[in-house]
Number of protein chains: 2
Amino acid sequence: MTSATACAPTASTSSTAMPLAYRPQSTITESPPPGTRAVTNCSACSLHPICMPPHLSTTELARLDAIVCSTRIVRRGETLYRAGDKFKSIYAVRVGCFKTVITHRDGHEQVTGFHIAGEPLGLDGVCSDEQNCDAIALEDSKVCVIPFDLLEDLCHDVKAMQQHVHRMMSGEIVRESGLMMMLGTMTAQQRVAAFLLNLSKRMKTRGYSSAEFNLRMTREEIGSYLGLKLETVSRMFSKLQQAGVIDTNGKQVHILDSEKLAGV
Amino acid sequence: MTSATACAPTASTSSTAMPLAYRPQSTITESPPPGTRAVTNCSACSLHPICMPPHLSTTELARLDAIVCSTRIVRRGETLYRAGDKFKSIYAVRVGCFKTVITHRDGHEQVTGFHIAGEPLGLDGVCSDEQNCDAIALEDSKVCVIPFDLLEDLCHDVKAMQQHVHRMMSGEIVRESGLMMMLGTMTAQQRVAAFLLNLSKRMKTRGYSSAEFNLRMTREEIGSYLGLKLETVSRMFSKLQQAGVIDTNGKQVHILDSEKLAGV
DNA sequence: CGGGGCATTGAAGAATGTCAATGCTTGTGG
DNA sequence: CCACAAGCATTGACATTCTTCAATGCCCCG
């Protein structure tokens with residue numbers, strides 16, 4: 001980071017998170033972030049195998065590149081979109097990490113998901129023509145913007161693309177089913193363990209260490225996601241540490257024994 | 001029912017609306033249930049506005065009819081599909097009611113949803129090419145079978161259809177988000193209240209009374225769905241009744257004051 | 001070096017789960 | 001047609017888990 005350039009859309013806003021608690025977690029050192037817009041290139045993107053269908057022809061890839069023509073930088077604490085925003089695009093996280101938050105009428109908030117690099121974002125907006133949650137960056141992040149109407153057009157012409165979109169959406173459904181299972185049947189300790197294992201698996205998928213990583217979210221955000229109070233989350237971390245299953249120091253997590261963790 | 005002519009859509013069955021409290025819950029007296037197969041007809045189906053996109057041309061409707069060419073009768077307690085089954089089709093509940101159940105490796109089960117007439121079923125299978133839950137009829141039911149590959153073909157030619165499929169899937173995502181919110185933030189009483197209100201709303205959508213209906217599921221199934229024990233569910237029913245908000249007798253439910261119910 | 005956000009930990013209280021007994025409804029078989 | 005078994009619902013007493021309230025410490029930042 002550094003890039004002065006304006007255009008940081010959603011701008012500051014949801015500042016709240018800004019304080020930069022522990023350590024600087026930013027790192028986006030984009031070369032051309034002239035207007036938070038930059039030419040993208042799915043065909044050359046290293047996340048390509050993760051977020052797009054395989055086996056596209058050169059022509060098809062070119063069309064894809066034409067659609068996914070912009071990226072957007074979202075600074076820590078800023079929102080990518082808010083509930084109620086007109087739904088136009090879905091996003092692919094390219095760098096960084098987001099949380100999605102639903103706000104009840106009564107002001108009550110709940111984190112519904114964390115999204116790391118390579119994962120889609122905004123699929124829940126398709127059904128209602130408007131976003132129904134806020135997407136907030138947990139660290140300086142970058143997303144690819146995918147106009148959904150254009151994507152639908154591409155789906156029309158490229159069957160593999162259509163299938164991929166269907167799979168992404170269905171995948172969201174399954175992901176949420178898993179979370180529901182967790183919320184509905186697991187104890188606090190099991191939830192925290194499952195959360196760590198899930199994150200670990202996803203980190204691994206994109207080439208990071210599955211045993212050691214940094215949490216980008218607070219205990220409170222984890223708690224909100226897991227249906228627990230932050231104190232409970234903290235206690236479970238401590239308990240797992242005492243049991244020698246993990247080693248934690250604040251946001252730094254080291255999984256020492258993933259089997260035991262899974263068997264909690 | 002009597003109408004020999006198949007296709008008497010919502011027909012008697014989905015008795016739901018009819019008190020029939022305890023009473024026999026079977027009733028599908030299909031004329032031609034020779035092989036659990038029968039000719040369907042989306043264009044003539046009364047659920048059409050609910051489960052298919054509006055404004056289709058005659059030609060398009062004909063194509064749809066050609067795809068949704070069969071129905072299947074599923075008796076109470078039987079499964080429509082099981083986790084692990086090859087994913088081929090999605091379904092639309094035409095008559096009756098289903099629950100979907102995920103089974104943990106440890107044998108632990110959780111109900112992930114209830115599906116009544118007019119609602120889609122099986123969308124979560126799209127992502128993995130296999131079903132990842134069991135769908136079990138809670139009463140004698142009938143579904144329309146929609147081969148997904150054919151549907152994708154139709155989506156290719158009919159934009160309205162493609163959008164509809166996307167909306168259905170996204171709708172599933174949103175539905176589950178709501179459930180997660182419930183599981184993550186609500187008390188037992190609030191969950192039961194929200195459950196009843198949600199069901200009430202869905203009943204209303206398809207023309208049944210929103211104030212009075214029969215539950216097709218047991219307290220245990222409700223509990224599994226809500227992340228509660230059956231005893232707790234039962235207690236909450238009793239509590240809401242004492243508060244004069246609902247009137248229940250076993251599976252028969254009468255919502256006396258939906259505002260109070262929402263404000264619990 | 002003082003403040004703020006975040007994390008950890010303890011003690012007490014509330015909500016939910018567990019265990020157990022009872023009754024009602026339905027279905028079955030004599 | 002009645003008796004009985006099985007499944008479901010209700011209710012009470014007690015145990016456990018999680019939350020609430022509160023105090024303290026840590027770490028970065030201005």
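In the text below, chain A, chain B and the rest are named by the order of the sequence lines, each starting its count at 1. Values reported hereafter were calculated over all heavy atoms of this structure, with side chains retained and with hydrogens, waters and symmetry mates removed.
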Rounded to whole angstrom units, what separation is found between the [atom1] atom of [X] and the [atom2] atom of [N]?
X: Leu240(A); N: dT9(C); atom1: CG; atom2: C1'; value: 16 Å
X: Gln190(A); N: dT16(D); atom1: CD; atom2: P; value: 17 Å
X: Gln252(A); N: dC6(C); atom1: CD; atom2: C1'; value: 16 Å
X: Asn249(B); N: dC8(D); atom1: CG; atom2: P; value: 17 Å
X: Ile222(B); N: dT10(D); atom1: CD1; atom2: C1'; value: 14 Å
X: Arg191(A); N: dT17(D); atom1: CZ; atom2: C1'; value: 11 Å
X: Leu228(A); N: dT20(D); atom1: CG; atom2: P; value: 11 Å
X: Gln189(B); N: dG17(C); atom1: CD; atom2: P; value: 14 Å

Do the side chain of [X] and the main chain of [Y] share a donor and acceptor less than 3.5 angstrom apart?
X: Gln252(B); Y: Asn249(B); result: no
X: Ser209(B); Y: Glu212(B); result: yes
X: Ser210(A); Y: Ser200(A); result: no
X: Arg202(A); Y: Ala117(A); result: no

Answer with yes or no after comparing the ring centroid distance for Tyr225(A) and Phe114(A) against a 6.0 Å cut-off, counting only values under it.
yes
OP1, OP2 of dA9(D) versus side-chain N and O of Lys251(B): anything below 4.0 Å?
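So the side-chain polar atoms of Lys251(B) do come within 4.0 Å of the phosphate oxygens OP1 or OP2 of dA9(D), strictly under.
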Heavy atoms under 4.0 Å, any strand shown: does Gly227(A) hit a base, just sugar-phosphate, or nothing?
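The answer is sugar-phosphate, as Gly227(A) gets under 4.0 Å only of primed atoms, P, OP1 or OP2.
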Should Phe98(B) and Leu138(B) count as side-chain neighbours, where that means a heavy-atom distance under 4.5 Å?
no
Is the cationic atom of Arg219(B) (NZ for Lys, CZ for Arg) positioned less than 6.0 Å from the six-membered ring centroid of Phe237(B) and within 45 degrees of its normal?
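Here Arg219(B) passes the 6.0 Å and 45° test against Phe237(B).
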Among the nucleotides dT16(C), dC8(D), dA7(C), which one has an atom lying closest to any side-chain atom of Arg219(A)?
dA7(C)
Between residues 229-237 of chain A and DNA chain D, which residues have a heavy-atom gap below 4.0 Å?
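Result for residues 229-237 of chain A: Lys229(A), Glu231(A), Thr232(A), Arg235(A), sorted by number.
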